[in-house]
Visitor: 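Right, I'll just put the structure down here and ask away after.
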2 protein chains.
Amino acid sequence: MPSRRDTIADDLRHQISTGHFKAGERLPSEAQLASRYTVSTPTLRSALALLQGEGLVEKIHGRGNFVCRPLRKITYTGGCREAPTWATPSAPLHMTARTTNLEAYGHLAALLDVPPRSPLRLTEVVYITHEGKSPHSLARIYVPHDLAPADSPVLDEIAVRLADLRPPLAEVQERLSARLPTQEEATVLRIATSLAVLSLTRVATDVTGRVVEAALLVLPGDRADALFTTRLTTGERSSKE
Amino acid sequence: MPSRRDTIADDLRHQISTGHFKAGERLPSEAQLASRYTVSTPTLRSALALLQGEGLVEKIHGRGNFVCRPLRKITYTGGCREAPTWATPSAPLHMTARTTNLEAYGHLAALLDVPPRSPLRLTEVVYITHEGKSPHSLARIYVPHDLAPADSPVLDEIAVRLADLRPPLAEVQERLSARLPTQEEATVLRIATSLAVLSLTRVATDVTGRVVEAALLVLPGDRADALFTTRLTTGERSSKE
DNA sequence: GAGTGGTCTAGACCACGAG
DNA sequence: TCGTGGTCTAGACCACTCA
């Protein structure tokens, strides 16, 4: 037996998909919707929470519930040969970056494969990609301090300098998981805490085995995915590794 | 200002991590916890919902709330050269499989790169991996009917026959996203609908460009991640593609 | 200040599980 | 049958946004 929450969510979903409520439009207030469906406000709100989790509706405190505009999908391309690339359909993304220095500790030390409490100095680059007002991704990149001059605010510059400074990369490892965002991530990405995020940890190792870059990326689940393409060469096809 | 929900969730989280509530143990009833924290039951339940979303607590209707046992992590290994491999620390996973035949339609047709309403016959293999009573993954694999005899209930057999029948693989594409599970997926995987899942779509193409396998995998976010390792050969390092 | 969503209460009734 | 969680009500009060 379907709950009222699900019934209402289904109905609203249908009205959105048929264009009865259009993208960007404000929904009737929760009180109006509650009386229309003859339910209490908590029940109606739980129905809206479902749509919010699907990325169909955005709640803005003090203003109302809004139908989300169809989102430009972004695709993180993995297994990258050079710099990470963001494939977006003709999107000149804005990017804000912040660079600080810190020391490897705890989780970071493990990522960078150095002893805990290591005195290794790191450059941390935090950046957020935007499309208009909607953030697309949150990235934290850690590079050993000697490989990255800390005064470079532009990501591209860092990539270029890295390519010059460091030995050639030997291996890139990317680990992905799905989870709910932390409060901080939800705030920064302007998503609901009930919307899943794709969490990606990338570790790049050079030919000497040293970790030269560790990156933590958080992508909103409703507008981002990650793509990995493996081409098999003739040699790999005929023989096992 | 932290909400009561968050305060209670933090406290419970702390009590679980310090072993005050032990793994597998039942928590006090929601009514008891509500009176202990002097909140109403809905408020207490919303706090529990947070822990549930983190995979720390499992609710069982009519029995109570239980602290989850530390979960054996499973790692999906991507970019696979041969059959997909599941790296689990010495886990003889049980696997239940169901094989049916159907026709390519809609979403499936797009995946398999054939025209919609194509008469292409498919073999669908649905399987769930288990560890004890807890399901680990839900997979739906689609193979053109002529490549896969439908009467093979054992996955390994299918893999072997496929290796014999089909031309060598040329490319494997894996697309990952994070989202909340559907009601059906939550039921099958025995997870809360508020727990994120990692959704993986894998498409394998042979040297002729034909799609020989499409797989849809759903992994619970609290116990599964996906790992992609890219080794760069000398050639790839020195020259761009 | 008017209208919105955010949070919370103190119950009610139903469905499930175990003895 | 009894205790559990699942759902829902009909309000209350607060915080935020905008005119």
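First the proteins, then the strands, lettered A, B, ... as listed; each starts at 1.
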Visitor: Can you check the B:R4 CZ to D:dC13 C1' distance for me, whole Å?
Guide: 11 Å

Visitor: Reckon A:R5 has a side-chain N or O less than 4.0 Å from the OP1 or OP2 of D:dC8?
Guide: no

Visitor: Picking from D:dG5, C:dT4, D:dT9, which would you name as closest to the side chain of A:R26?
Guide: C:dT4

Visitor: Output the single nucleotide from C:dC16, D:dT7, C:dC8 whose closest atom is nearest the side chain of B:H61.
Guide: C:dC16

Visitor: If you assign each of B:N65 and A:G62 to its closest nucleotide in DNA chain D, which residue comes earlier from the 5' end?
Guide: B:N65

Visitor: Take the protein atom CD of B:E58 and the nucleotide atom P of D:dG5, then report the distance between them rounded to whole Å.
Guide: 13 Å

Visitor: Quick one: B:L27 CG to D:dG3 C1', roughly how many Å, whole number?
Guide: 16 Å

Visitor: Separation of B:F66 atom CZ from C:dG17 atom P, in whole Å?
Guide: 12 Å

Visitor: Check whether any side-chain nitrogen or oxygen of A:S46 sits under 4.0 Å from OP1 or OP2 of D:dT7, and answer yes or no.
Guide: no

Visitor: Whole angstrom is fine here: how far is it from CZ in B:R45 over to P in C:dT7?
Guide: 17 Å

Visitor: Among the nucleotides C:dC8, D:dG5, D:dA10, which one has an atom lying closest to any side-chain atom of B:T43?
Guide: C:dC8

Visitor: Of all the nucleotides listed (C:dA10, C:dG5, D:dG6), which has the minimum atom distance to the side chain of B:E30?
Guide: D:dG6

Visitor: With A:N65, which of A:L33, A:L27, A:L12 fulfils side-chain contact (heavy atoms from CB on, under 4.5 Å)?
Guide: A:L27

Visitor: Do any N or O atoms from the side chain of B:T18 and from the backbone of B:H14 form a donor-acceptor pair under 3.5 angstrom?
Guide: yes

Visitor: Both A:I60 and A:T41 contact DNA chain D. Which one's nearest nucleotide lies toward the 5' end?
Guide: A:T41

Visitor: Which one, D:dG11, D:dC8, C:dT7, comes nearest to the side chain of B:S3?
Guide: C:dT7

Visitor: Atom CG of B:D6 to atom P of C:dG6: distance rounded to whole Å?
Guide: 14 Å

Visitor: Under 4.0 angstrom, heavy atoms only, what part of the nucleic acid is A:S35 near: base, sugar-phosphate, or nothing?
Guide: nothing

Visitor: If you assign each of A:K59 and B:L44 to its closest nucleotide in DNA chain C, which residue comes earlier from the 5' end?
Guide: A:K59

Visitor: Is there a side-chain polar atom (N or O) of B:R63 under 4.0 Å from OP1 or OP2 of D:dG5?
Guide: no

Visitor: Please indicate whether A:R69 has more than 12 foreign heavy atoms, meaning atoms of other residues, nucleotides or ligands, lying under 6.0 Å from its CZ.
Guide: no

Visitor: Between atom OG1 of A:T201 and atom CD of A:E174, what is the distance when rounded to the nearest 0.5 Å?
Guide: 10.0 Å

Visitor: Checking side chain to side chain contact (heavy atoms under 4.5 Å, CB included) for the pair A:I128/A:V188: CA distance, chi angles, key distance, verdict?
Guide: CA-CA 8 Å; A:I128 303 167; A:V188 171; 3.4 Å; yes

Visitor: Grab the CD1-C1' distance between B:I8 and C:dT7 for me, whole Å please.
Guide: 12 Å

